[in-house]
Structure formats: structure tokens, C-alpha cells
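In this text the structure is predicted, and so the values were computed from the model without any measurement.
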Amino acid sequence: MIIPRLRMTASDQPKRVLVTGGTGLVGSAIKHVVENESDRNKRNEEYFFISSKECDLRNRAQTEALFKKYQPTHVIHLAALVGGLFRNLSRNLDFFRENMEINDNVLSVAHQTGVKKVISCLSTCIFPDKTTYPIDETMVHSGPPHESNFGYSYAKRMIDVLNKGYAVQHGVHYTSIIPTNVYGPNDNFNIEDGHVLPGLIHKCYLAKENNTPLTIWGSGKPLRQFIYSYDLAKLYLWVLRDYDSIEPIILSVGEEDEVSIREAAEAVVKAMNFTGEIKYDTTRADGQFKKTASNAKLRRYLPDFKFTPFEEAIQYTCDWFVKNYDRARK
């Protein structure tokens with residue numbers, strides 16, 4: 001009796017997945033989600049979560065050695081020189097040069113070693129400063145980014161250029177995702193260099209501990225879409241397994257879930273049970289007022305995906321930070 005051979009889909013094929021920046025916010029979330037998937041044992045996937053301690057991706061030789069060691073078939077590329085508004089303002093050239101080196105090395109060595117698919121992580125800050133809203137995937141290159149972080153933004157835009165170049169010239173499948181503001185466990189809670197939500201959580205923790213006012217930088221008026229890292233991780237794995245386009249895709253909550261920095265601060269205050277005075281330091285820059293992104297493309301693929309409610313995810317993140325204060329990045 002001949003048993004017919006079932007056709008193996010792309011999502012079923014064996015994968016050796018190298019995750020650069022694998023111990024950071026998004027990498028840790030992907031690891032958490034993978035380890036807790038109910039069908040984990042049925043999937044033919046092996047993951048390698050790499051940090052900068054193991055390899056300096058700015059160095060070509062080290063990057064080649066890393067790929068030779070793990071022999072990945074797929075790459076989730078998260079590694080980057082990152083920072084909040086105030087660090088970007090002072091180091092735009094560094095952010096451009098170092099991220100260009102990292103991205104070129106990863107994609108070039110991936111092609112050199114026959115990697116089937118690379119999914120790089122971009123950011124909504126790459127979109128034009130002066131634009132119409134909501135922004136979508138077709139608008140990445142339609143104007144200059146905000147001047148506060150032009151170095152990082154242009155370096156991230158060039159990933160999209162590289163992806164198209166590799167597709168046209170070599171026929172390979174490299175793509176990218178564009179998350180909105182990510183937050184969750186294992187974030188960088190450094191007040192000077194971190195992003196807005198982890199910075200707020202750390203400042204609120206210290207204000208509560210020291211019985212001092214909570215000072216929030218800026219007016220609190222700018223608007224942001226925040227995505228919980230565990231939700232982003234689930235979507236990233238969907239892109240890895242099932243998204244077949246080289247065109248970038250925005251991974252975000254909907255426009256209706258956009259909140260102001262003031263509302264985000266209020267959610268943190270509630271989660272941390274802070275009852276002290278709250279001040280807004282308007283001498284500090286607000287940055288870009290809004291970056292409202294459309295998730296219509298994502299919803300065409302996954303109309304029923306459920307995001308974790310904002311206050312619930314904030315509560316979990318605050319609880320994680322308090323519990324892990326001594327070891328949290330800060």
C-alpha cells in the first residue's frame with residue numbers, strides 16, 4: 001500500500017531560527033510565547049536567542065562566525081542601537097552609522113549562507129514627520145522623518161531598501177514588520193535612555209519608594225499606540241510562519257486604541273498604586289505629536305486577533321518590574 005505524501009507547507013518546514021537581539025524586550029517575549037505555545041512539540045522549529053554579548057553584529061567577521069555556528073534557515077532580526085527621545089537627539093550620527101553596519105552585515109551574511117527568510121524589526125518613527133494620518137505601509141519613503149531621530153529612522157528605512165534589493169537581484173525573501181510603541185517585561189527601564197512607558201514605570205516606582213512627586217517629561221499631550229510585547233511576539237511568529245510578502249507590515253493595535261502620554265501615565269499610576277503628586281515638566285521636548293498607524297493590512301490577514309487590553313498589560317508589566325527590580329535593565 002502506498003501512502004500518499006502530504007505536501008509540506010512553509011509553516012511546517014523545519015526551521016532553525018536565529019533571533020538577534022534575542023534577550024531584549026521583543027526577543028524575550030518571543031521566547032516566552034514559543035515556550036508556552038500549546039502545539040510547541042508538534043512544530044519542527046529550533047530557536048537560538050542571541051545577545052550582543054555573544055556577537056557584535058557591527059563586525060563582519062563576528063557575524064559570519066555566528067551564522068556558521070548556528071546555521072539558521074530563518075532569522076528574526078531585532079538587534080539595533082536603540083534609545084529614547086533624549087538619547088536620539090544627542091547621537092543621531094551614531095544611530096545611523098551603527099545600525100547601518102548591523103543591518104547590512106545581518107542581511108548580507110544571511111544571503112551568503114542561504115537563509116530562507118529574514119524578518120527585520122522597523123519602527124513607526126521611520127514614517128515622515130509631515131504626513132497624513134493614519135500612516136500605512138505605502139508611506140515609508142514619502143518624506144523626511146522627524147528631526148529628533150533622523151539617524152535611527154533612515155537606517156531602519158534602508159532595511160526596506162535592502163529587502164527589495166535582495167528580492168529583485170537574488171530572488172530571496174526578506175521582509176520587515178513595523179510595530180508601534182512596544183512595552184512589557186524585560187524592557188529597558190532606564191529613565192534617560194529608555195522609551196516613554198518603561199521610563200514612566202521606573203520613575204513612578206522611585207517616586208513611590210521615596211515619597212516624592214512623579215515628574216513626567218513634556219506636556220503629556222502627544223498620542224501613541226502601544227503594543228504589548230507578548231501580543232507583538234505572537235504576531236511576529238505569524239509573520240515568520242505565514243506572511244509571504246517582502247513588503248513591510250504594521251503590527252499594531254487599532255487607531256481607536258491610541259492614548260495620550262497623560263493617559264498612559266495615569267494607567268501606570270493606577271497600576272503602581274501611586275497616590276503622590278504628579279508634575280509635568282514642560283521644559284522637556286514632547287517629540288513627534290502623533291504617529292497614528294493603520295493596522296488595516298494586518299486585519300485583512302488576521303481579522304480576529306485579540307490584543308491584550310492596555311490597562312491589563314500595564315498592570316502585568318508594572319508587577320513584573322516591581323518583582324524583578326534588582327535584575328531589570330535600568
Can you tell me if CD on Gln169 sees more than 12 non-hydrogen neighbours from other groups inside 6.0 Å?
no

Should Asn190 and His202 count as side-chain neighbours, where that means a heavy-atom distance under 4.5 Å?
no

Could you check whether any side-chain heavy atom of Leu235 comes within less than 4.5 Å of a side-chain heavy atom of Leu298, counting everything from C-beta outward?
yes

Student check: side-chain heavy atoms of Val140 and Arg157 closer than 4.5 Å
yes

Which atom names give the shortest non-hydrogen contact between Ile119 and Tyr236, and what distance separates them?
O-OH, 2.8 Å

Shortest non-hydrogen separation from Gly24 to Arg329 and the atoms involved
CA-NH2, 4.0 Å

Any idea how Tyr152 and Phe95 line up, ring-wise: parallel (<30°), tilted (30 to 60°), or perpendicular (>60°)?
perpendicular

So do the side chains of Glu255 and Tyr133 get within less than 4.5 Å of each other, counting heavy atoms only?
no

Partner of Leu57 under side chain to side chain contact (heavy atoms under 4.5 Å, CB included), picked from Asn103, Asn105, Leu66, is Leu66

Please confirm whether Arg262 makes a cation-pi placement over Tyr280, using NZ or CZ under 6.0 Å from the six-membered ring centre and within 45° of the ring normal.
yes

Could you go through Glu266 and Lys270, starting from their C-alpha distance and side-chain angles, then the distance that decides it, and tell me whether this counts as salt bridge (charged side-chain N to carboxylate O under 4.0 Å, His left out)?
CA-CA 6 Å; Glu266 289 169 353; Lys270 179 181 177 183; over 6 Å; no

Would you please test Glu312 and Lys306 for salt bridge (charged side-chain N to carboxylate O under 4.0 Å, His left out) and show each step?
CA-CA 13 Å; Glu312 179 183 326; Lys306 289 183 171 54; over 6 Å; no

Partner of His111 by ring pair (Phe, Tyr, Trp, His ring centres under 6.0 Å), out of Tyr166, Phe67, Tyr174:
Tyr166

Pair Thr308, Asp231: side-chain N/O donor-acceptor within cut-off below 3.5 Å
yes

Which pair of non-hydrogen atoms, one from Phe274 and one from Thr212, has the smallest distance, and what is that distance?
CZ-O, 3.7 Å

List the steps, then state whether side chain to side chain contact (heavy atoms under 4.5 Å, CB included) holds for Tyr243 with Thr175.
CA-CA 9 Å; Tyr243 180 69; Thr175 191; 3.6 Å; yes

Do you know which two heavy atoms are closest between Val19 and Gly27, and how far apart they sit?
CG1-CA, 4.5 Å

Tell me, do His74 and Lys116 make a side-chain contact under 4.5 Å, heavy atoms counted?
yes

Which atom pair, heavy atoms only, marks the closest approach of Val118 to Ala110?
CG2-CB, 3.8 Å

Ile178 and Phe127, any side-chain heavy atoms less than 4.5 Å apart
yes

List the steps and the verdict of side chain to side chain donor-acceptor pair (under 3.5 Å) for Asp104 and Ser108.
CA-CA 6 Å; Asp104 187 48; Ser108 175; 5.4 Å; no

Can you confirm whether Val26 sits close enough to Val182 that some side-chain heavy atom of one is under 4.5 Å from a side-chain heavy atom of the other?
yes

Heavy atoms of other groups near Arg299 CZ, more than 12 under 6.0 Å:
yes

What about Phe305 and Trp238, are their ring centers closer than 6.0 Å?
no

Count the heavy atoms of every other residue, nucleotide or ligand shown that sit under 6.0 Å from CG of Asn210, and state whether that count exceeds 12.
yes

Take Glu247 and Lys297 through the test salt bridge (charged side-chain N to carboxylate O under 4.0 Å, His left out) and record every step on the way to the result.
CA-CA 11 Å; Glu247 299 297 331; Lys297 182 176 179 178; 6.0 Å; no

Are Tyr183 and Tyr228 an aromatic pair, judged by ring center distance below 6.0 Å?
yes

Grab the two heavy atoms, one from Pro185 and one from Tyr316, that are nearest each other, plus how far apart they are.
CG-CE2, 3.6 Å

Does His141 form a side chain to side chain donor-acceptor pair (under 3.5 Å) with Asp160? I'd like the steps, not just the answer.
CA-CA 9 Å; His141 302 285; Asp160 184 51; 2.9 Å; yes

